[in-house]
Amino acid sequence: GAINVVKKWYWVTVFNVVKKWYWVTVLLLSITLISSLTASASSYSTAGSHEKSLQFLESKGIENLGGFGRSVTRGEFAMYIVRVLELPSMVSVRSYADVQADHPYYNEIQTATAAGIIQGDTATGKFHPSQPISRIHMVRMLTNALDLLNISPKKTTKPNFKDTRGVSADYTNRITMTYSLGIITGNPSKNEFMPFKPATVAQSATFIMRFYNVVEQEKKWYSVANIV
């Protein structure tokens, strides 16, 4: 009888301990999750109209967005496009002297090159991945990606930006294309696009999210056969 009482007491004690630690673990995990979500949401609260765009990039597994007020680099922007489109990894026949295999965005830069989204500086054989990307070069990458997906505006509306009149005809067409699709808006109050000004991480996030929304609306996702 005494042995049974001890055994019963033992298992009741074990059960209570396990139950206690189970709920403690659940509570700690809940606190961690809530803290993580709160930190993520609040970390972009000062980004103003770009907050949702930064959250969108983060949802696509893109990191290092905390310093969203800094200039975005050419390598980062190429990476954004590849990851948002979920392009399959590809190896390009073209390599860049300044993008080695240990570069953090090597695979994305290779994929973007193979897909025709970027081509780098053909004169020097470099891509300049760490160089801030200008707004007009972002437009170039985005229009190359749109061409890849066979997306074009059903109706074109030429913007009346006063600071783009000196750009080439090719870039003028690219600006018109992205403007017509709602990817770029410029500064309506000043009627400027600031084509040669570097874009911030926050601004580039908004470009990318608008681009993604256009692709989603068109429902013309890429085919591997068309890319390779």
Side-chain angles (χ1 to χ4, degrees), residues 43-58 60 62 64-85 112 116-121 123 126-149 151-218:
S43 61
Y44 307 130
S45 59
T46 58
S49 61
H50 303 296
E51 181 179 5
K52 289 184 178 179
S53 303
L54 290 163
Q55 291 172 346
F56 166 74
L57 286 191
E58 189 176 76
K60 293 297 180 180
I62 297 171
N64 301 321
L65 299 171
F68 51 77
R70 66 172 175 81
S71 297
V72 68
T73 67
R74 291 167 54 81
E76 286 173 322
F77 196 71
M79 178 267 289
Y80 293 170
I81 295 175
V82 169
R83 291 192 185 179
V84 164
L85 290 180
I117 296 172
I118 61 176
Q119 64 178 18
D121 188 335
K126 295 182 178 181
F127 177 62
H128 308 290
S130 300
Q131 187 178 92
I133 188 170
S134 64
R135 294 164 65 85
I136 198 167
H137 282 161
M138 286 201 304
V139 163
R140 183 180 181 86
M141 286 192 198
L142 290 172
T143 50
N144 285 343
L146 290 168
D147 287 342
L148 169 70
L149 303 171
I151 293 176
S152 59
K154 295 177 177 63
K155 180 182 178 182
T156 58
T157 303
K158 190 172 182 179
N160 190 30
F161 296 136
K162 63 183 181 182
D163 58 352
T164 60
R165 292 167 187 165
V167 303
S168 68
D170 177 57
Y171 275 117
T172 297
N173 291 335
R174 292 174 185 272
I175 290 171
T176 298
M177 180 180 183
T178 48
Y179 180 81
S180 299
L181 290 169
I183 297 173
I184 67 169
T185 59
N187 186 331
S189 63
K190 294 184 177 181
N191 206 26
E192 294 176 343
F193 177 58
M194 298 167 285
F196 305 108
K197 183 178 179 179
T200 64
V201 170
Q203 291 167 343
S204 68
T206 296
F207 274 45
I208 290 289
M209 189 173 77
R210 290 173 181 163
F211 162 76
Y212 178 83
N213 289 338
V214 167
V215 175
E216 277 285 271
Q217 290 168 8
E218 291 292 323

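For reference, positions follow the sequence shown, starting with 1.
- The shortest non-hydrogen separation linking Arg174 to Thr143 is NH1-OG1, 2.6 Å.
- Checked against salt bridge (Lys or Arg N to Asp or Glu O under 4.0 Å), Lys155 has no partners two or more places apart in sequence or in another chain.
- The pair Glu218-Lys154 meets the salt-bridge criterion, since a charged nitrogen lies less than 4.0 angstrom from a carboxylate oxygen.
- Across every non-hydrogen atom of Ala112 and Val82, the tightest pair is CB-CG2, 3.9 Å.
- Note that OH of Tyr179 and OG1 of Thr156 are 12.0 Å apart. Values are rounded to the nearest 0.5 Å.
- The shortest heavy-atom contact between Arg74 and Phe127 is NE-O, 2.8 Å.
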His137 vs Tyr171, test: side chain to side chain contact (heavy atoms under 4.5 Å, CB included). Steps then yes/no. CA-CA 9 Å; His137 282 161; Tyr171 275 117; 3.3 Å; yes
Report the C-alpha distance between Met141 and Phe77 in whole Å, list the side-chain angles of each, state the deciding distance to 0.1 Å, and finish with yes or no for side chain to side chain contact (heavy atoms under 4.5 Å, CB included). CA-CA 9 Å; Met141 286 192 198; Phe77 196 71; 3.6 Å; yes
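- Judged by distance alone, the side chain of Asn160 and the main-chain N or O of Asn191 form no donor-acceptor pair under 3.5 Å.
- To the nearest 0.5 Å, atom CG of residue Asn213 and atom CD1 of residue Ile208 are 11.5 Å apart.
- A donor-acceptor distance shorter than 3.5 angstrom exists from the side chain of Ser180 to the backbone of Thr157, with no hydrogens or angles considered.
- Taking every heavy atom of both residues into account, Thr73 and Ile133 meet most closely at O-CG2, 4.0 Å.
- We find the CG-NE2 distance between Asp121 and His128 to be 4.5 Å, quoted to the nearest 0.5 Å.
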Run the side chain to side chain contact (heavy atoms under 4.5 Å, CB included) check on Val84 and Val215 step by step: do they pass? CA-CA 11 Å; Val84 164; Val215 175; over 6 Å; no
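- One finds no salt bridge joining Lys190 and Asp163 here, because no Lys/Arg side-chain nitrogen approaches an Asp/Glu carboxylate oxygen to under 4.0 Å.
- Under the rule for a salt bridge (Lys or Arg N to Asp or Glu O under 4.0 Å), Arg135 has no partner lying at least two apart in sequence or in another chain.
- Two residues are said to be in side-chain contact when any heavy atoms from C-beta on lie closer than 4.5 Å; Leu181 and Phe211 fail this criterion.
- Between Leu146 and Ile183, some side-chain heavy-atom pair lies under the 4.5 Å cut-off.
- When each of Phe56, Tyr80, Phe207 is checked for a ring pair (Phe, Tyr, Trp, His ring centres under 6.0 Å) with Tyr212, only Phe56 meets the rule.
- For the atom pair CG of Asn64 and CG of Leu57, the computed distance is 12.0 Å after rounding to the nearest 0.5 Å.
- When atom types are taken as modelled, the side chain of Thr176 and the backbone of Lys158 share no donor-acceptor pair closer than 3.5 angstrom.
- By the 30° and 60° cut-offs, the orientation of the rings of Phe193 relative to Phe161 is parallel.
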Check the pair Thr185 / Arg210 against side chain to side chain contact (heavy atoms under 4.5 Å, CB included), numbers first and verdict last. CA-CA 11 Å; Thr185 59; Arg210 290 173 181 163; 3.9 Å; yes
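- Across every non-hydrogen atom of Asn144 and Gly116, the tightest pair is CB-O, 3.5 Å.
- Ile184 has its side chain out of reach of Met138: every pair of non-hydrogen atoms, C-beta onward, lies at least 4.5 Å apart.
- Environment of NZ in Lys60: crowded, with over 12 heavy atoms of neighbouring residues, nucleotides or ligands closer than 6.0 Å.
- Closest heavy-atom contact between Leu54 and Ala202: CD2-CA, 4.0 Å.
- Rounded to the nearest 0.5 angstrom, Thr206 OG1 and Glu51 CD are separated by 11.0 Å.
- Of the charged side-chain nitrogens involved, at least one lies within less than 4.0 Å of a carboxylate oxygen, so that Glu76 and Arg70 count as a salt-bridged pair.
- Between Ile136 atom CD1 and Thr178 atom OG1 the span is 9.5 Å, to the nearest 0.5 Å.
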